[in-house]
There are 2 protein chains.
Amino acid sequence: MTDPVLAHLRSDADAILQRLIDYAQIPSVSTDPAYSNGMAQARALLVQRLTDAGFDDVQTIHAGGHPAVFAQWIHATDAPTYLVYGHYDVQPPDPLDKWHSAPFEPQIRNGRLYGRGVSDDKGPASIALEVLFAFLKVEGRLPINIKILLEGEEEIGSASLPKLLRDNANLLRAEAVISADGARWRADLPSVNTGSRGNMAMEVTLKTASKDLHSGRFGGAVPNAAHVLARLVASLHKDDGSVAVPGFYEGIEEVDEALRSQIADLPFDEDSFFAGIGSVAFGEANFSTLERLWLRPTLEINGMGAGYAGEGGKTITPAEAFAKITTRLVPGQKPAEIAQAVRHHLEQACPDSAEMEFRAHDEGNPAYSVPADLPLLHAVEGAIEQALGKKPVRVRVGSTLPLSAMIKEALGMETVTLSFSTADEDFHAPNEFFRLSAIDEGTAAWVALLRSLENS
Amino acid sequence: MTDPVLAHLRSDADAILQRLIDYAQIPSVSTDPAYSNGMAQARALLVQRLTDAGFDDVQTIHAGGHPAVFAQWIHATDAPTYLVYGHYDVQPPDPLDKWHSAPFEPQIRNGRLYGRGVSDDKGPASIALEVLFAFLKVEGRLPINIKILLEGEEEIGSASLPKLLRDNANLLRAEAVISADGARWRADLPSVNTGSRGNMAMEVTLKTASKDLHSGRFGGAVPNAAHVLARLVASLHKDDGSVAVPGFYEGIEEVDEALRSQIADLPFDEDSFFAGIGSVAFGEANFSTLERLWLRPTLEINGMGAGYAGEGGKTITPAEAFAKITTRLVPGQKPAEIAQAVRHHLEQACPDSAEMEFRAHDEGNPAYSVPADLPLLHAVEGAIEQALGKKPVRVRVGSTLPLSAMIKEALGMETVTLSFSTADEDFHAPNEFFRLSAIDEGTAAWVALLRSLENS
């Protein structure tokens with residue numbers, strides 16, 4: 001017998017798609033003040049829909065930046081309470097000329113909806129909301145207590161989110177967080193994400209003279225900022241690409257052999273992975289590509305420069321040089337300590353002939369791992385298996401999802417992601433799209449999850 | 001008793017200055033086709049003045065680029081023949097907004113003439129021409145046979161000069177070349193330049209992927225072009241800044257101890273030298289600053305870059321990187337062999353994870369040294385001593401003056417410089433100036449030189 005809520009969702013499919021299109025038409029770009037109307041419009045639409053559906057305490061919460069939208073339905077006596085997370089802000093649409101259809105005029109082509117924000121995060125968040133709305137409509141109640149937090153600053157680093165979480169700790173308190181943000185590893189393989197790497201961004205600048213000097217008149221008798229920078233950067237890694245900064249790997253947990261063998265069993269076509277990016281496998285010895293991406297920290301120069309970068313040549317010895325550095329961190333590494341280790345290493349390596357300045361761009365974010373025995377994790381895995389007919393594989397992401405660590409830090413709550421966007425959907429690039437097939441898959445999984453949590 | 005030619009020059013001082021101003025008003029910028037009228041005007045003025053003065057065979061010579069102006073007076077039977085070199089083209093005047101007076105409206109301020117080209121090379125070349133014109137006017141003849149070559153492509157690398165020299169070898173044949181181009185080490189210390197370093201310009205580019213990659217999604221499992229470049233660049237030098245490229249120092253003559261002690265005796269305020277450029281002494285062990293600049297070769301990164309260079313950060317692993325390299329060479333080093341050694345070293349050092357491309361920008365220029373026993377060198381030293389009352393010190397330049405090596409290669413002739421511009425006169429920068437005191441000093445030295453060569 002078909003679940004009546006799921007049956008309703010299937011019969012309402014056209015309207016669900018239309019509501020997503022209406023939502024995606026709103027240009028809620030958080031990074032650019034020119035879009036503040038779009039941000040307000042998106043909040044108003046969410047408040048209206050949540051109110052119409054029967055949620056209580058629908059409100060916007062401010063903590064300095066763009067407000068978040070909050071709502072709750074907590075009438076399920078004796079049932080647990082979960083916090084559903086999503087965000088209503090989107091990436092800027094630039095470069096506009098690379099889009100095949102206008103970013104804020106969503107268009108369906110080949111089973112995909114194209115438009116800014118459809119994959120990140122309006123599509124996945126709408127799936128969660130539509131399921132909640134359907135329960136309230138069909139059954140007049142939700143299987144469990146639900147709090148909803150829809151953030152407005154995810155695309156700009158969630159700067160005020162920690163304060164917002166702390167300021168509203170009681171309001172947001174729940175067993176755990178179900179995040180409707182994040183991307184599936186692949187569209188064709190059910191998976192659940194059990195961890196993400198942290199990050200820490202830094203910059204180092206060098207100065208060896210008050211201005212660039214003529215290489216003939218001064219070359220050979222003065223320090224050259226480019227030479228100094230190259231030596232500093234080269235000192236950061238060993239031959240195999242592992243990080244040579246003392247203390248960098250300190251405190252990292254030993255990689256679990258069961259996890260390694262589980263990762264080794266994943267279907268992963270390494271040749272086509274590297275062919276797709278025109279590159280080759282390279283990295284820390286004794287780890288596989290997926291282990292390097294998911295389980296091991298890395299330190300990358302994102303940009304560096306010194307002297308003349310134009311056409312042809314210019315006979316100077318550069319007086320200044322810079323390198324922008326980010327690390328990706330794993331559990332056991334603290335961003336501030338990593339920045340300190342990198343600074344210390346560079347200061348030790350920098351010769352007296354150069355003045356060095358070092359700064360951390362921000363406070364960074366630690367890595368996050370879902371505890372292997374977390375009930376919500378097992379519930380999500382079960383719901384995916386029930387909805388898609390196949391047990392999901394456990395995967396991780398090499399990128400940083402600051403939300404989980406922020407929530408853990410501020411509220412002591414764990415986060416499991418149940419999102420139906422996919423990593424290849426160009427969500428920070430032109431022609432962002434969302435697979436329409438994800439709507440059926442996602443609503444089925446969310447229905448199964450809520451039912452299963454009711455009985456947990 | 002005052003030399004009658006010098007007496008005439010002194011009485012004609014105002015007219016000499018006016019003729020220099022008239023000449024410097026002509027915008028003879030060789031690099032920009034928009035100035036081709038100025039180039040033609042400068043040639044016409046020189047042809048007119050040489051003809052009016054009584055020179056023979058006044059003509060322009062073409063070899064593909066901007067024509068040179070040639071003239072000769074070869075009626076001094078039994079006297080030697082010398083070729084006087086100068087150039088009529090100037091650097092572009094940009095950036096215009098940095099000039100305190102218009103670059104092509106020469107203005108006198110504080111004993112200096114300000115204007116584009118006044119120091120390089122219209123002032124110094126005019127000194128030579130005015131002396132020759134004065135001899136012809138006062139005495140109806142020159143003490144020696146003189147050929148004059150005024151080039152139009154010095155500021156753009158003298159691309160067609162080698163061909164011009166070869167095509168006109170007989171016309172240009174002389175004992176040696178007296179160059180009225182080049183700069184005095186200082187205005188307050190008589191000196192003669194006895195050598196310059198050669199150069200060779202190269203560029204290396206690296207590619208590690210088909211595009212920049214997200215540092216979270218790929219970092220740690222792919223090569224990073226910035227890391228590879230840093231290791232390559234760092235491998236080019238030892239700790240003291242000496243060059244680590246195998247073969248780089250091969251074939252270099254041992255530095256002459258007499259020359260070292262002569263350089264050590266030069267008055268040189270090292271502290272104020274480095275204070276003036278906001279830098280510190282750095283370079284090859286066991287050599288002094290002046291030795292590093294004048295006697296030792298160097299390899300400099302002029303510019304390098306990879307990845308993101310804008311404000312803030314960007315979480316990418318760069319796919320491409322480049323470094324622009326120039327060397328300054330000393331006698332015994334061949335530019336083509338140096339390029340080959342650098343290429344070979346980089347190819348050996350480049351890991352398989354990166355694709356490397358290397359190219360030499362041009363054929364480079366070898367170093368040049370005036371033979372210590374060249375009669376013209378001693379004649380120039382004597383003339384300077386006679387004119388200025390002080391024996392000149394022998395200095396060298398760390399920069400490259402391709403002319404001398406080109407003439408040596410094409411015609412087998414040596415070159416000695418007798419120029420009265422000074423290294424601090426901003427000749428490739430805004431507010432180029434020429435010390436007016438150089439006119440009296442320079443004309444006196446040229447008169448003394450021509451008289452001394454008559455009797456040699």
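In what follows, chains carry the letters A, B, and so on, assigned in the order in which the sequence lines appear, proteins first and then strands, with residues in each chain numbered from 1. The figures that follow rest on heavy atoms only: side chains count, while hydrogens, waters and symmetry mates do not.
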Closest-packed option against chain B by number of heavy-atom pairs under 4.5 Å, given [options]:
| options | answer |
| --- | --- |
| A:Lys211, A:His214, A:Glu284, A:His227 | A:His227 |
| A:Met304, A:Arg197, A:Met202 | A:Met304 |
| A:Ala423, A:Ala201, A:Ala226, A:Gly220 | A:Gly220 |
| A:Leu232, A:Asp212, A:Val280 | A:Val280 |
| A:Gly241, A:Gly313, A:Ala306 | A:Ala306 |
| A:Ala281, A:Gly310, A:Pro351 | A:Gly310 |

Among the listed options [options], the residue most often paired with chain A at heavy-atom distances under 4.5 Å:
| options | answer |
| --- | --- |
| B:Asp239, B:Val228, B:Ile325, B:Val243 | B:Asp239 |
| B:Gly283, B:Ser279, B:Ala319 | B:Ser279 |
| B:Gly312, B:Ser353, B:Gly305 | B:Gly312 |
| B:Thr400, B:Ile277, B:Thr289 | B:Ile277 |
| B:Glu203, B:Lys324, B:Glu291 | B:Lys324 |
| B:Thr317, B:Ile316, B:Thr326 | B:Ile316 |

Take a 6.0 Å sphere around CG of B:Asp269 and say whether it holds more than 12 heavy atoms from other residues, nucleotides or ligands.
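Above 12, so yes.
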Taking all heavy atoms of A:Val233 and all of B:Ala230, pick out the closest pair and write down the distance.
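Minimum heavy-atom separation between A:Val233 and B:Ala230: CG1-CB, 3.3 Å.
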Which region of [X], side chain (C-beta onward) or backbone (N, CA, C, O), has a non-hydrogen atom less than 4.5 Å from a non-hydrogen atom of chain B, or is it both or neither?
| X | answer |
| --- | --- |
| A:Lys314 | backbone |
| A:His361 | side chain |
| A:Leu213 | side chain |
| A:Val397 | neither |
| A:Arg231 | both |
| A:Leu299 | backbone |

Test of ring centre spacing under 6.0 Å for B:Phe273 and A:Phe218
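Yes.
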Evaluate side chain to side chain contact (heavy atoms under 4.5 Å, CB included) for B:Phe282 paired with A:Thr208, printing each intermediate quantity in order.
CA-CA 10 Å; B:Phe282 177 79; A:Thr208 53; over 6 Å; no
Would you say B:Asn224's side chain and A:Ile301's backbone share a donor-acceptor pair under 3.5 angstrom?
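It does hold such a pair.
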With a 4.5 angstrom heavy-atom cut-off, which part of [X] approaches chain A: side chain, backbone, both or neither?
| X | answer |
| --- | --- |
| B:Ser210 | both |
| B:Ala309 | both |
| B:Arg217 | both |

Between atom CG of A:Asn199 and atom OG1 of B:Thr315, what is the distance when rounded to the nearest 0.5 Å?
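So the CG of A:Asn199 and the OG1 of B:Thr315 are separated by 8.0 Å.
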Take B:Val222 and A:Arg292, measure what side chain to side chain contact (heavy atoms under 4.5 Å, CB included) needs, and give me the verdict at the end.
CA-CA 9 Å; B:Val222 293; A:Arg292 289 167 180 164; over 6 Å; no
